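Have a look at the structure below before the remarks.
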Protein chains: 2
Amino acid sequence: MPVTIKDVARAAGVSASTVSRALASPDLVHADTRERVRRAVAELGYHPNRAARGLITGRTGNLGLLVPDLANPFFPGVVKGVQARAREFDYAVFLADTDEDPAAEAGLVRNLSKQVDGLILCSPRMSEPEVRALSGDTPIVLLNRRVGRVPSVTVNSVDGLRHAIGHLTALGHRRVAYVPGPKVSWSNRERLRALRTATAEAGVELVETGNVVPRFSGGVAAADQVLATGVSAVIGYNDLVAIGMLSRLAARGVAVPGRISVMGFDDIVLSEMVSPALTTLAQPKEQTGRAGVDLLLQLLADPGHPIQRRELDSHLMVRDSTGPAPHP
Amino acid sequence: MPVTIKDVARAAGVSASTVSRALASPDLVHADTRERVRRAVAELGYHPNRAARGLITGRTGNLGLLVPDLANPFFPGVVKGVQARAREFDYAVFLADTDEDPAAEAGLVRNLSKQVDGLILCSPRMSEPEVRALSGDTPIVLLNRRVGRVPSVTVNSVDGLRHAIGHLTALGHRRVAYVPGPKVSWSNRERLRALRTATAEAGVELVETGNVVPRFSGGVAAADQVLATGVSAVIGYNDLVAIGMLSRLAARGVAVPGRISVMGFDDIVLSEMVSPALTTLAQPKEQTGRAGVDLLLQLLADPGHPIQRRELDSHLMVRDSTGPAPHP
DNA sequence: TTGAAAGCGATACCAT
DNA sequence: ATGGTATCGCTTTCAA
């Protein structure tokens with residue numbers, strides 16, 4: 001039913017080989033022939049079957065993208081970036097939502113790996129050895145995670161947090177709490193590490209609370225404990241957690257930022273919509289996605305290439321949820 | 001490099017045909033042989049190349065999904081539903097974000113159609129004739145839209161809105177405003193239609209304002225006009241619009257629901273997080289996605305089937321943003 | 001019950 | 001500059 005290369009060849013009065021050539025390397029065929037082929041293609045509405053092409057070229061023109069949870073507004077941003085960049089290079093994108101399940105990840109990867117030229121794993125939850133093993137089989141790029149020499153796109157947390165802590169100290173804060181996300185999250189470990197550095201440099205005392213789920217509910221759950229520590233400012237693992245705290249604090253009638261300042265990570269759209277609007281360290285979501293595609297394509301073009309790492313910058317978005325520390 | 005059917009055949013000491021058979025229709029091969037093949041497959045970690053299989057069977061085992069904008073929290077919900085259901089049937093999903101661009105839609109569809117068995121178009125913005133044309137070429141299922149006899153999954157707005165209006169009248173509201181979304185949105189037209197029915201039945205006066213973009217900013221932009229109409233309750237095109245209104249009303253010091261009650265559509269997670277929490281007509285997002293997959297697979301299995309339409313129910317989530325109408 | 005051979009749609013190599 | 005042919009990995013007749 002669909003039109004094949006043979007149909008075009010017949011219509012143009014040439015061989016299939018010539019049609020293929022006219023499309024792939026136009027300068028190798030006579031101008032007249034090229035024109036006849038071009039016309040036949042347009043007339044019949046021919047589009048080459050990518051699967052068939054992939055069979056012989058070994059290139060599918062597809063790439064795979066795995067994300068832990070699309071319901072977390074952070075990930076759609078990354079997905080959009082990947083989509084947009086991939087489309088520019090005429091790549092189609094397989095998307096899989098792993099539902100935060102490390103076991104599902106490996107399965108999905110295996111399933112997809114045959115149909116794609118490479119995979120982009122966004123914040124994968126699987127273990128390092130698993131990532132390494134995968135990286136041996138298929139070209140992969142990591143987003144928001146670093147594992148050995150696997151190509152990756154990450155965000156520089158230290159610089160951003162230095163800025164953030166600077167902001168807080170300028171407002172008079174001397175004791176700051178951090179509400180950490182999942183222990184298995186690389187980002188969480190990284191943020192904690194960077195936070196220790198930044199606070200140490202600034203002479204600020206860092207108070208760490210227990211780990212929470214990286215959602216609104218996690219923030220709600222953490223708020224009371226944070227308050228009990230007596231800090232004047234708190235940083236949540238991500239915006240959802242921070243907003244959860246905001247909600248619980250409001251319910252308890254605690255003034256933000258009057259009594260306590262609150263900060264998050266990511267800058268999801270939601271952050272501007274809550275009241276008070278959330279001060280947050282913005283992660284370059286779409287840019288992360290785009291850079292991931294770039295790295296992957298580079299890897300495909302030149303597999304022997306040395307390590308590829310891109311580190312992007314985060315930006316502090318100061319909004320109403322942070323203010324002067326209360327006088328003791 | 002990757003292990004092919006021949007490798008398995010060699011390892012098992014049989015022909016490729018037998019391996020294929022042992023996998024596809026196990027009952028056609030001798031138990032012993034089947035076992036040897038099974039072992040070889042496991043040993044070598046063989047996974048059939050779907051593209052090659054698709055070439056001959058005409059089935060790719062993939063399906064395509066188009067959404068207007070992943071940044072709108074409504075769509076990730078649908079995507080998750082599609083993903084989950086597709087995975088149950090061992091289908092992989094191509095995802096494309098069309099960025100609300102009707103022109104991009106057609107191109108993406110054409111691009112994807114060769115690599116998938118069928119397409120799911122979620123809230124497509126393209127014109128009806130375009131949808132019909134596409135539907136002729138490729139099996140497609142529509143989500144949140146109905147066009148002629150094209151299979152579709154939609155939500156019954158009338159029943160839900162009857163419930164919603166009943167809720168408002170019970171609270172004493174007699175004049176209600178609706179802030180409509182994009183004119184090109186089928187959902188918007190449908191909601192408006194259903195709203196007219198429901199309000200007429202209940203003897204409630206419906207006030208319609210100008211169309212807004214279906215985002216937070218649209219709600220912010222509409223709030224002042226709504227207030228000026230003097231209604232005691234307002235329904236936004238979706239939750240984002242409603243939350244935008246909430247924000248603007250709060251900024252102006254207008255009490256919600258004291259002075260005016262606010263309602264939305266969708267029940268995105270955000271709705272529970274704002275303050276006051278938003279009363280909303282919940283759309284079955286994941287279920288819509290799952291139903292879409294079911295319809296598509298049914299269509300693929302039996303293309304001559306009569307029209308397929310699934311209509312799902314919405315549910316009213318009553319939260320703090322709606323309350324008794326103020327005394328006049 | 002099994003194997004040999006043809007063929008899906010496209011590309012690449014080798015002739016011409 | 002162009003056509004013929006082998007091939008990619010797999011499924012599906014057709015014989016045996």
Side-chain angles (χ1 to χ4, degrees), chain A residues 1-38 40-41 44-62 90 92 110-117 138, chain B residues 1-38 40-41 44-62 90 92 110-117 138:
Chain A
M1 194 76 239
V3 28
T4 78
I5 199 170
K6 287 185 182 172
D7 301 323
V8 178
R10 198 175 314 120
V14 298
S15 75
S17 321
T18 302
V19 174
S20 175
R21 237 173 280 136
L23 267 38
S25 12
D27 32 318
L28 288 182
V29 318
H30 193 83
D32 299 354
T33 319
R34 196 192 312 151
E35 180 52 23
R36 294 223 307 289
V37 170
R38 207 195 50 69
V41 165
L44 300 176
Y46 168 72
H47 288 271
N49 181 324
R50 289 170 151 233
R53 170 188 292 167
L55 211 49
I56 183 138
T57 61
R59 285 281 171 106
T60 61
N62 299 146
D90 205 31
R110 296 245 143 65
N111 215 310
L112 250 43
S113 64
K114 282 296 198 319
Q115 318 195 60
V116 301
D117 296 336
T138 315
Chain B
M1 195 74 238
V3 27
T4 78
I5 198 171
K6 287 185 181 171
D7 301 323
V8 178
R10 200 175 312 120
V14 297
S15 75
S17 327
T18 301
V19 175
S20 175
R21 239 174 271 133
L23 266 37
S25 10
D27 32 319
L28 288 183
V29 314
H30 193 84
D32 298 356
T33 320
R34 195 192 313 153
E35 180 54 23
R36 294 223 308 287
V37 170
R38 206 196 49 70
V41 165
L44 300 176
Y46 168 72
H47 289 272
N49 181 324
R50 290 171 149 231
R53 169 187 293 168
L55 211 49
I56 182 147
T57 61
R59 285 283 173 103
T60 61
N62 299 146
D90 206 29
R110 296 244 144 63
N111 212 310
L112 249 44
S113 63
K114 281 296 198 317
Q115 317 196 61
V116 301
D117 296 335
T138 315

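In this text, all values refer to a predicted model and were calculated from it rather than measured experimentally. Reminder, nothing fancy here: chain letters follow the sequence lines and each chain counts from 1.
Comparing the local axis fitted to the first five base pairs of the helix from C/dT1-D/dA16 to C/dT16-D/dA1 with the one fitted to its last five gives a bend of 40°, rounded to 10°.
Minimum atom distance to the side chain of A/Tyr46 is reached by C/dA10, of the listed C/dA10, C/dG7, D/dG9.
Screening B/Thr33, B/Ile5, B/Asp7, B/Thr4 for a side chain to side chain contact (heavy atoms under 4.5 Å, CB included) involving B/Val19 leaves a single residue, B/Ile5.
Atoms CG (A/Leu55) and P (D/dC10) sit 9 Å apart, rounded to a whole Å. In this entry the distance linking CG of A/Asp7 with C1' of C/dC8 reads 13 Å, nearest Å. Whole-Å rounding puts the B/Lys114 NZ to C/dA10 C1' distance at 13 Å. Here D/dC8 presents its C1' atom at 13 Å from CG of A/Asn49, a figure rounded to the nearest Å. We find that CD1 of A/Ile56 is positioned 14 Å from C1' of C/dG7, with the value rounded to whole Å. Distance A/Ile5 CD1 to C/dT11 C1': 8 Å, rounded to the nearest Å. Going from atom CZ of B/Arg53 over to atom C1' of D/dC10 covers 8 Å, rounded to whole Å. Atoms CZ (B/Arg50) and P (C/dG9) sit 20 Å apart, rounded to a whole Å.
Residue A/Ala9 comes nearest to A/Ala16 through the heavy atom pair CB-N, 3.7 Å, listed as atom of the first residue, atom of the second, then distance. The two residues A/Leu55 and B/Ala52 have their closest heavy-atom pair at CD1-CB, 3.7 Å. Pairing each heavy atom of A/Ala92 with each of A/Arg50, the nearest pair is N-NH1, 4.2 Å. The two atoms that bring A/Gly13 and A/Arg36 nearest to each other are O-NH2, 3.9 Å, heavy atoms only.
With sequence neighbours excluded, the residues satisfying side-chain contact (heavy atoms from CB on, under 4.5 Å) with A/Thr60 are A/Asn62, A/Asp117.
In this structure, CG on B/Leu112 lies 12.0 Å from NE2 on A/His47, to the nearest 0.5 angstrom. The CD atom of B/Gln115 sits 8.0 Å away from atom CG of A/Asn49, with the distance rounded to the nearest 0.5 Å.
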Verdict with reasoning, B/Thr18 to B/Arg21, per side chain to side chain contact (heavy atoms under 4.5 Å, CB included): CA-CA 5 Å; B/Thr18 301; B/Arg21 239 174 271 133; 4.0 Å; yes

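Shown for residues 10-35 of chain B: residues whose heavy atoms fall under 4.0 angstrom of DNA chain D, namely B/Ser17, B/Ser20, B/Arg21.
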